[in-house]
Amino acid sequence: MPELPEVEVSRLGISPHLTGQQITQVIVRDRRLRWPVPASLETVAGATIEGVERRAKYLIISTTKGYLIVHLGMSGALRVVPADSLVVKHDHIDLVLGSGLCLRFNDPRRFGCWLYSATHPSADHPLLRELGPEPLTDAFTLDYLFNASRGRQQAIKTFIMDNHVVVGVGNIYANESLFKAGIHPKRAAGKVSKARYQRLVPIIKETLARAIEQGGTTLQDFTQADGQPGYFKQELMVYGRGGKACMQCKSTLKEIRLGQRSTVYCPQCQR
DNA sequence: CAACCGCCCTGGGAGC
DNA sequence: TGCTCCCAGGGCGGTT
């Protein structure tokens, strides 16, 4: 599942192949993604790509004829391959480039999306305009998160996974960050002290930054069949370890459902 | 408005 | 071996 680090790694991987290239053809084989792929997507044929940005887990491909908004969903993958490469199952969209390469989108579960916007979407598109700050920028501070949490009865885990609060903190990183910060995932966000947020904010930043670093491995074999990252798995302290021993205190880790997401924590270390 | 829940979808693993 | 069942998950959209 692409988390924020993998989306960033994708961006770094595809950007050099795309920037400055003309889009000679847009091929849509299946429009049934998260939302139906609009016919306007094809209007970027003939345009030149100016760059690829990331906002939250969205990629924004800027062209001389407008903007493409791409989300990888749960199972989406972007790869740069020769335009005549064999099309395999779930290859839904190609952007064919003047270089003879193409950007190919494969997504088995079709939770991803490809949308078109005539104007730059980050400020005015409904999907992007309400998003919270990027966790790795200076906009995501202790004061910001602490103030945003006041009065909130919601569990802190769902709070930090809320894209209106901060973007890019998926289920894995929420579990891991709360463990490292020693905070119980069900504790009301508004009742967590400022001192504990002071621990949590840098922990979120470090966890995400580290995963991006390790994503560099994925970057190298970017055009290979499946850049499935095993890299962070060995570092996981709680995610996927329900019923096993806490790595800090040997207590049995508990697994619960929170907001329909699997949640694992140590009842001893997290209060 | 805050909080919560259902739903979209397929591959993969478990169980029989 | 092959079938069925269940789970994983981001995030929108609707309901309370």
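Just so you know, these numbers use all the heavy atoms, side chains as well, and skip hydrogens, waters and symmetry mates. Reminder, nothing fancy here: chain letters follow the sequence lines and each chain counts from 1.
Here the C1' atom of nucleotide B:dC9 and the CG atom of A:Asn106 are 14 Å apart, to the nearest Å. Distance NZ (A:Lys191) to P (B:dA3): 12 Å, rounded to an integer number of Å. Taking atom CZ on A:Arg257 and atom P on B:dG6, their separation rounds to 11 Å, with Å as the unit. Atom CG of A:Asn175 and atom C1' of C:dG10 are 15 Å apart (whole Å). Distance, A:Met161 CE to B:dC5 P: 14 Å, rounded to whole Å. In this entry the distance linking CG of A:Asp162 with C1' of B:dC4 reads 12 Å, nearest Å. The distance between atom CZ of A:Arg261 and atom C1' of B:dG6, rounded to the nearest whole Å, is 11 Å. In this structure, A:Lys89 atom NZ and B:dT10 atom P are separated by 9 Å, rounded to whole Å.
Within 4.0 Å (heavy atoms only), A:Arg34 reaches at least one base atom of the nucleic acid. Residue A:Phe159 is classed as having no contact, given no heavy-atom separation below 4.0 Å to the nucleic acid. A:Gln260 comes within contact range of at least one nucleobase, with a heavy-atom separation under 4.0 Å. When heavy atoms are screened at a 4.0 angstrom cut-off, A:Asp107 is found touching no nucleic acid atom at all. Heavy atoms of A:Thr158 sit nowhere under 4.0 angstrom from any nucleic acid atom. Backbone-only engagement by A:Gly170 is indicated by non-hydrogen atom pairs under 4.0 Å involving sugar-phosphate atoms exclusively.
Side-chain N/O atoms of A:His125 and A:Glu130 include no donor and acceptor closer than 3.5 Å.
Distance from the side chain of A:Arg110 is smallest for B:dC9 among the nucleotides C:dG10, B:dC9, B:dA2. Considering only side-chain atoms of A:His90, the nucleotide from B:dT10, B:dA3, C:dA8 that sits closest is B:dT10.
Between A:Leu127 and A:Arg109, it is A:Arg109 whose nearest contact on DNA chain C lies nearer the 5' terminus.
Between A:Leu72 and the choices A:Asp107, A:Leu78, A:Asn106, the side chain to side chain contact (heavy atoms under 4.5 Å, CB included) rule is met once, by A:Leu78.
Ion pairing of A:Lys57 with A:Glu6 is absent here, as no side-chain N (NZ or NE/NH1/NH2) approaches a carboxylate O to less than 4.0 Å. A salt bridge does not link A:Asp124 to A:Arg129: none of the charged side-chain nitrogens sits closer than 4.0 Å to a carboxylate oxygen.
One finds a side-chain N or O of A:Tyr58 lying less than 4.0 angstrom from the OP1 or OP2 phosphate oxygen of C:dC12. Distances shown here put every side-chain N or O of A:His71 at or beyond 4.0 Å from the OP1 or OP2 atom of C:dC12.
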Would you please test A:Ile49 and A:Ser62 for side-chain contact (heavy atoms from CB on, under 4.5 Å) and show each step?
CA-CA 6 Å; A:Ile49 296 172; A:Ser62 302; over 6 Å; no

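The aromatic ring of A:Phe111 stacks onto the base of C:dG10, its centre lying under 5.5 Å from the centre of the six-membered base ring with the two planes under 30° apart.
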